[in-house]
Amino acid sequence: MPQRPRIRTVEPLTFVLVHGSWADVTFWDGVAAGLRKLGHHVYVPEYPGHGAMTDKKVTHAQISRAIADDMIHNNVHQAVLVGHSFGGSVIQKTAELVPDRIKRLVFLDAFVLKDGESVSDEFPPDVRSMFEALRKSSADDTIMLPYPVFRETFVNLAGQDLVNRLYSRISPEPAAPLFEKLDLKTYYSLTIPKSYIYLIEDNVFPQGSNEFGWHPHMSSRLGLFRLLKGFGDHMTTAATEPMKLAYLIYSAGRD
Amino acid sequence: MPQRPRIRTVEPLTFVLVHGSWADVTFWDGVAAGLRKLGHHVYVPEYPGHGAMTDKKVTHAQISRAIADDMIHNNVHQAVLVGHSFGGSVIQKTAELVPDRIKRLVFLDAFVLKDGESVSDEFPPDVRSMFEALRKSSADDTIMLPYPVFRETFVNLAGQDLVNRLYSRISPEPAAPLFEKLDLKTYYSLTIPKSYIYLIEDNVFPQGSNEFGWHPHMSSRLGLFRLLKGFGDHMTTAATEPMKLAYLIYSAGRD
Amino acid sequence: MPQRPRIRTVEPLTFVLVHGSWADVTFWDGVAAGLRKLGHHVYVPEYPGHGAMTDKKVTHAQISRAIADDMIHNNVHQAVLVGHSFGGSVIQKTAELVPDRIKRLVFLDAFVLKDGESVSDEFPPDVRSMFEALRKSSADDTIMLPYPVFRETFVNLAGQDLVNRLYSRISPEPAAPLFEKLDLKTYYSLTIPKSYIYLIEDNVFPQGSNEFGWHPHMSSRLGLFRLLKGFGDHMTTAATEPMKLAYLIYSAGRD
């Protein structure tokens, strides 16, 4: 964090970290440790179809329900609810379920869907076609991320060892939640404060497009929001610069 | 400034720093000290309706006149005239008044207006409506910046203490100069060199829009210009990283 | 490179560095030294109309042929072929000539032309008019880069001494290769992996435009590609931060 003041945090916050597709709770390992080091409480809930919850037959509603239930179970209040990538759509729906437990929503290179959209509606046509073909060819309605796409656009900043380590952890993603149209009318009636963190080397979607992309395309749907940026890509930065990302997330989440 | 060589400056320049709306000369305190440390001469003129000049009934012409008069009074020549935010429109008009005293114009996340425009013409519709309503509801034709707008988009990078300190200094902004259409024909006939500094986390206006925003939307009106960028937002960076900003301003202003 | 892990490279690569217009092989001096320090093999071929090859009457085909011949002569295989600026169009054509010797193409603020385009087709209208006028007024069909354009948009980050040193090295650029329409059908049939490095203060072309510019306008023609970014401009960064640029090029070129 060379551009940022290295102040110690004085306001202990409660973070709930929601990972994205082709990922599991280990995505947040370094960042969670970093936030705890800064004095915060951190929850990293599992959700269906990912990590330890291996049944791939899941719906988007089951996923957001799992996050909300985890918050209820742990008696979490005043949460800074953070979603990465697909996790953005999850925190939108979770906010509908437990709005009173959430202090702020933080989107990290994450989907912000319009009412009635599916995650896949935000895929550029070539990506969408590729994923639809992979979905069709799978036996269990999942999509495995092809290595070249992962290497070039998800972990563009990573060295070979890290690429291999991260790719070996990936398991096929349940397809249905990516293609479900989501009713977000309640979400758009909520007044929870929002932040967006954009890592400027994230090339999962075309940059500078009016039609696609994290920022400003999807971030602009947040209304009034707090923006933070850093160098970084979609999945390397959490592994290689967890303290920097932790500080960005803290800066996004504080009052 | 980790990405930049830490050279000592060898060319003493004269800087005139013009602050923006909801600000006063203290905005530049750290930056002015930084520039002086680098060996430069620095003037930070007061202007009507702001800081010590508390009468809020002012025109845009009175403001640019005050800057020009200050330069004349102090016998300033070869000035690098720097405008922040609203100050961009001020240095455009000041350049018309004392072109021979100015070596270069430097815009820091600042308005560059077209001939015939007002500052408010560059507000996105929702911002414009909000400010028009606030103007109407004021007793003295001023606009007070709402706290949430300040916190989320003017000082997105700041911690709570700094936010509070900076917000407590703010007084209502005279509305008239923001809504005056400015004749800038003379400005557009001048051949003074120009620079633009863009702090990439400045989210006062939507980023990546063709219709609104500091860079590239307004910067592109400068014709041939020198661009510099850094991490930073609209009003935090001058307070927390004054030496970095001083070096950017020096880099923008040198020959 | 403060944002990047300072790891030592473990995979020795072979880089072929192709400079751009108004430049010669000395453009790469620091970067080549940096890559060698990281353990890599580096070739920096001369090409017609530039540097030691002073005859200005050249074609685009002669330039790409010279690069390909240099690779053949040096028995280069598995090359990471890097093009800067105009050099981007050169590596596109070189890839057609010796595809089997190339492991990856890396574009550094470089032209990526569509089939049938000339480099000048990517100039904004005012730049194109200026260069056409300069071409006409030259005795030997060359274009000398005007000092103000160089200073403000090619080396915006440089101090005066460096600007002078770099500008004094510049000789007029052969015009013909910039205006030749290039058949790139073979290039677009190749499946060589590609990377794009974008230095975010490069202001040679308007930023954020849908019609012009390095990234995302021209980079988006690469199909699936690996993106890297850093602070930096068109011609200063190679001189002042060669190790940072070497590491970006390594990151762009590795498997």
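Chain A is the first sequence line, chain B the second, and so forth, proteins listed ahead of strands; every chain is numbered from 1.
- The distance from atom OH of C:Tyr198 to atom CD of A:Gln207, rounded to the nearest 0.5 Å, is 10.0 Å.
- Between C:Leu228 and A:Asn156 there is no side-chain heavy-atom pair separated by less than 4.5 Å.
- Atom CG in C:Asn210 sits 5.5 Å away from atom CG in A:Asn210 (nearest 0.5 Å).
- With a threshold of 4.5 angstrom between heavy atoms, C:His217 does not approach chain A through any atom at all.
- Between A:Gly208 and C:Pro216, the closest heavy-atom pair is CA-CG, 3.9 Å.
- Atom CG of A:Leu157 sits about 11.0 Å away from atom NZ of C:Lys229, to the nearest 0.5 Å.
- Applying a 4.5 Å heavy-atom cutoff, the residues of residues 132-152 of chain A that approach chain C are A:Pro148, A:Val149, A:Arg151, A:Glu152.
- C:Phe225 approaches A:Thr153 most closely through the heavy-atom pair O-CG2, 3.9 Å.
- The main-chain N or O of A:Ala158 is found under 3.5 Å from a side-chain atom of C:Arg254 such that the two form a donor-acceptor pair.
- In this structure, the portion of C:Leu224 lying under 4.5 Å from any heavy atom of chain A is its side chain and not its backbone.
- Neither the backbone nor the side chain of A:Asp126 comes within contact range of chain C; no heavy atoms are under 4.5 Å apart.
- Contacts from residues 91-107 of chain C to chain A, taken as heavy-atom pairs separated by less than 4.5 Å, involve C:Arg104 in sequence order.
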